[in-house]
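One structure below.
Both ligands and their constituent atoms are indexed starting at 1 by order of listing. It should be emphasised that the depicted structure is a prediction, and the values quoted were computed from it without experimental measurement.
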Amino acid sequence: MKYDLAVLNGTVVVPGVGPQRIDLGIQGGRIAALGHSIRAGEAEEVFDAQGLHVLPGAIDSHFHIGIYRPHGEDARSESLSAVAGGVTSLISYFRTGHNYLDKTGPYREIFPELLALSRGNFWCDYSYHIAPMTTDHIGEIEWLIDQGVCSFKFYMFYKGLNLASDSTQGKEYTMTENYDLGHLYELMYAIERANRGSKTRVSLSLHCENPELIRVFMLRVQREGGTGLKAYSNARPPLSEALSIEEAGVLANSTRCPINLLHLSSGEALRTAVDIRNRYRGADMALETTLHHLTLSYDVPEGLSGKVNPPLRSAEDQNALWDGVLRGQIDTVVSDHACCLRAMKAQELWPAWPGFGGTELLYPIMLSEGMWKRGLPLERVADLLAANPARLFGLYPLKGAIAVGSDADLAICDLESKRTVTAANLHSAQDHTPFEGLTLRGWPVATMLRGKIVWRDGAPLGNPAGMFLKRPLGRGAASNPG
Ligand SMILES: [Zn+2]
């Protein structure tokens with residue numbers, strides 16, 4: 001047999017090209033042929049995609065496996081919800097300190113532990129972005145790059161935790177000293193050095209919110225007795241994002257460190273990010289937004305279920321972010337998935353844990369709210385969810401492409417299928433969703449990982465077979481077995 005699997009009669013959305021009425025021949029987990037001449041008799045197995053669209057498997061490049069729950073268990077349930085939504089690779093953030101593994105120490109010891117906890121528990125392929133929290137961690141960047149980590153993270157607002165009334169509180173949280181702009185400068189300096197001569201883009205992702213402003217705005221809101229998500233947005237206002245983006249931009253321009261501005265949540269944050277990108281020409285800055293900032297506002301009926309950092313904003317902010325997506329200012333759309341159970345959300349605003357899941361809705365939301373509602377072309381959907389994150393994070397073109405030699409990672413979608421989101425019909429372990437009641441048109445019906453169907457018609461097939469993606473992935477090298 002020429003092929004292990006053939007995907008016939010579908011409309012293939014080739015990133016950078018657009019929808020094409022072509023067939024795919026798959027062999028050894030890779031795409032071996034695209035064209036009109038593939039016949040059913042040439043393949044062991046045929047997937048009839050008549051009436052369906054074949055898109056590249058999504059790469060959810062902002063994820064938080066294990067932040068609130070045991071790592072292996074969280075990997076299993078949340079990567080299952082990822083493949084249910086056509087996601088075939090995810091890149092999860094990890095740091096030492098409170099949450100996650102609740103410990104600090106060298107990544108030389110902790111990273112192998114993280115990989116051991118991951119092995120055998122992922123339904124999709126996976127990789128990690130790492131946050132260097134201490135000066136010693138900055139010294140481990142080269143070692144981490146050798147382990148397949150080419151993206152790092154800094155949290156601008158953690159400095160605020162050290163400024164809280166109880167100054168030991170912050171230290172307990174980050175388990176580190178001097179987590180400030182000085183640390184950020186050293187981090188950017190080290191990453192820029194690592195970038196020289198590197199085969200791939202080595203970058204720093206930034207959570208941009210300014211802690212000093214959050215401190216005073218939060219006190220104001222608390223004094224006024226604010227309780228809902230609008231109060232939460234006022235306590236961490238867009239101004240705090242904008243100031244923090246400016247600070248990051250100045251340092252990135254000075255050090256020439258490539259950066260990723262994460263989860264832009266407001267029109268003001270987007271305008272500031274676009275502005276610094278224009279101002280500092282030659283600096284490498286990628287812009288990200290999330291499903292929830294595009295789709296939900298602080299008036300969401302589910303209330304505290306939707307508490308997240310940065311907060312949900314106004315309907316005008318949603319429109320501004322969509323405008324940025326349509327104009328091509330935004331490079332990636334992600335879920336920022338963090339499985340956070342209802343019990344952790346508490347009854348009150350301030351003690352509720354931030355974050356929630358959404359990975360399963362990446363394709364449904366971009367197809368329904370993007371393509372159907374706003375005319376976002378399908379090839380742009382494929383760029384935002386697959387090709388762009390693959391290029392930014394060292395996975396392209398083995399991932400994020402539909403081309404001869406690429407992994408056969410596919411999301412096969414029925415653009416007409418209409419479904420209303422409920423916590424019960426999502427496949428995450430999370431027992432609530434702020435997306436409850438949203439009716440979306442355009443859902444994946446099957447997900448293929450390296451040529452194997454891992455999800456079809458609402459149920460998983462086989463066992464978790466996700467591999468650790470040691471980045472950068474070479475064209476010749478297969479994904480490394482996890
Ligand atoms: Zn996040």
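- More than 12 non-hydrogen atoms from other residues, nucleotides or ligands lie less than 6.0 angstrom from CZ of R374.
- Side-chain contact check for W443 versus L361: some heavy-atom pair is nearer than 4.5 Å.
- Residues in residues 300-315 take part in these salt bridge (Lys or Arg N to Asp or Glu O under 4.0 Å) pairs, two or more places apart or across chains: E241-R313.
- Distances from the Zn ion (ligand 1) under 2.8 Å pick out these protein N/O/S atoms: H62 NE2, H64 NE2, D336 OD1.
- Within a 6.0 Å radius of OH in Y189, other residues, nucleotides and ligands contribute 12 heavy atoms or fewer.
- Using a 4.5 Å heavy-atom cutoff, the side chains of C208 and E247 are not in contact.
- Counting heavy atoms from C-beta on, the side chains of H62 and T290 never come closer than 4.5 Å.
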